[in-house]
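Everything on this sheet refers to the single structure shown next.
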There are 2 protein chains.
Amino acid sequence: MPPTPQSPFRALADPTRRDILKHLATQDMTIAQVAQNFDMTRAAVKKHLTVLNDGGLITVRARGREKINAINKDGFAPIFDWLSYFDQFWDDKLDALKSAIEATEAKKKDRPNDQHDD
Amino acid sequence: MPPTPQSPFRALADPTRRDILKHLATQDMTIAQVAQNFDMTRAAVKKHLTVLNDGGLITVRARGREKINAINKDGFAPIFDWLSYFDQFWDDKLDALKSAIEATEAKKKDRPNDQHDD
DNA sequence: TTTATATGAAACCTTATGGTATCATGTCAA
DNA sequence: TTGACATGATACCATAAGGTTTCATATAAA
């Protein structure tokens, strides 16, 4: 079944799903691994992962009987695109973000191999 | 009653509310004015405006019997803050955004009164 | 003051959402 | 092959969400 495309905004609406993304940002994880971080059943976590996948915010690949969930940075593009519509109203916010980006890049220059592992 | 603080992410989850924000970006509007742009009752639009207000994405001020709804750019800060957590994983996306910011700023310098219409 | 207008609020309906429990299926390991 | 394990899928439940209608209230205009 092809993943039902849906707005990533809906996927971000739930705090549990936002938490899941933060966990997945540190490393790719199986469903069970994700579920370990939450006080709910694996089935519930799996549902959240389905919504995140439908929203394009994660990708899922099989590894034997396991499903490896990984953050999909490209899936966030629609969010940035939508936010950019407001650019002209938010110059100060964007300036701050721009500074943050530059700070991040400077940090990376210091530690070029700061990577997450799978 | 103080507006119930809530996640702006939830406020952005609904496409109608995202549309409302685009309209409010062009000009402040009364509830009735906002409702004119949608094929639903004023009461339904008012509910959406309440959610947007709870999420901090708009402000509401009274003008006589009217309520003027205005976009609240500061309300988007939590969204940028949250997204910035992922900076280290998204450098290319952020680079693109940075370019977009710079392009926007250059454009503003050229046409300081550039306004979009829907 | 009377009437029209703009909003507020409540009751109600339908569907979506977030959760559970249970069972089926596919894959790994003895 | 057999048993354990990771996931898939379904049924079910309670509540939230998005919408309507209706009525109340506050302000504007005659």
Taken to the nearest whole Å, CD/A/Gln33 to C1'/D/dT7 is 14 Å
Separation of D/dA17 atom P from B/Leu52 atom CG, nearest Å, is 13 Å
Check your understanding: Within a strict 4.5 Å, meaning less than it, do heavy atoms of the B/His48 and B/Met40 side chains meet?
Key -> yes
From CG of B/Leu12 across to C1' of D/dG18 the rounded distance in Å is 17 Å
Distance col, row B/Leu21:CG vs A/Leu83:CG, nearest 0.5 angstrom, shows 10.0 Å
By nearest-heavy-atom nucleotide on DNA chain C, the more 5' of A/Gln6 and B/Ala32 is B/Ala32
query = Can you find a side chain N or O atom of A/Lys46 that sits less than 4.0 Å from OP1 or OP2 on D/dG8?
reply = yes
Taking every heavy atom of B/Val60 against every heavy atom of B/Asn69, the minimum-distance pair comes out as CG2-OD1, 3.4 Å
Rounded to whole Å, CG of B/Asp54 lies from P of D/dA16 at a distance of 14 Å
So, with a heavy-atom separation below 4.0 Å from DNA chain C, the residues of residues 34-43 of chain B are B/Arg42
*asked:* For a 4.5 angstrom cut-off between non-hydrogen side-chain atoms, does B/Arg61 reach B/Arg63?
replied: no
Value for CD1 (A/Ile20) from CG (A/Leu57), rounded to nearest 0.5 Å, stands at 11.0 Å
Exam field: side chain A/Arg17 to backbone A/Arg10, donor-acceptor pair closer than 3.5 Å: yes
Rounded to whole Å, CG of A/Leu49 lies from P of D/dT7 at a distance of 10 Å
* Asked: Would you call the rings of A/His23 and A/Phe38 parallel, tilted or perpendicular if under 30° counts as parallel and over 60° as perpendicular?
  -> perpendicular
As a check of understanding: the bend across the helix from C/dT1-D/dA30 to C/dA30-D/dT1, end axes from five pairs, rounded to 10 degrees, works out to 30°
Practice prompt. Compare all side-chain heavy atoms of A/Ile79 with those of A/Leu12 and state whether any distance is below 4.5 angstrom.
Written response: yes
dist A/Thr59:OG1 -> A/Asn53:CG (nearest 0.5 Å) comes out at 7.5 Å
For A/Ala70, is there any backbone N or O sitting under 3.5 Å from a side-chain donor or acceptor partner on A/Asp28? no
Note: contacts of residues 56-67 of chain B with DNA chain C (heavy atom, under 4.0 Å) are B/Arg65, B/Glu66, B/Lys67
A/Ile20 atom CD1 is separated from C/dG18 atom C1', nearest whole Å, by 12 Å
Review point. So, is B/Arg10 close to the D/dA16 phosphate, meaning a side-chain N or O under 4.0 Å from OP1 or OP2?
Key: no
B/His48 atom NE2 is separated from C/dA9 atom P, nearest whole Å, by 18 Å
Would you say B/Ile71 ends up clustered with B/Ile31 if hydrophobic residues are merged whenever their side chains have heavy atoms under 4.5 Å apart, either directly or through other cluster members?
yes
Need one value for B/Ala44: base, sugar-phosphate or nothing, where a base atom within 4.0 Å counts as base even if backbone is also close, heavy atoms only. base
Q) Do A/Val45 and A/Leu49 have side-chain heavy atoms sitting under 4.5 Å apart? A) yes
To the nearest angstrom, the NZ-P distance between B/Lys47 and C/dT7 comes to 17 Å
Per atom distances to the B/Ile31 side chain, the nearest of D/dT7, D/dG18, C/dG8 is C/dG8
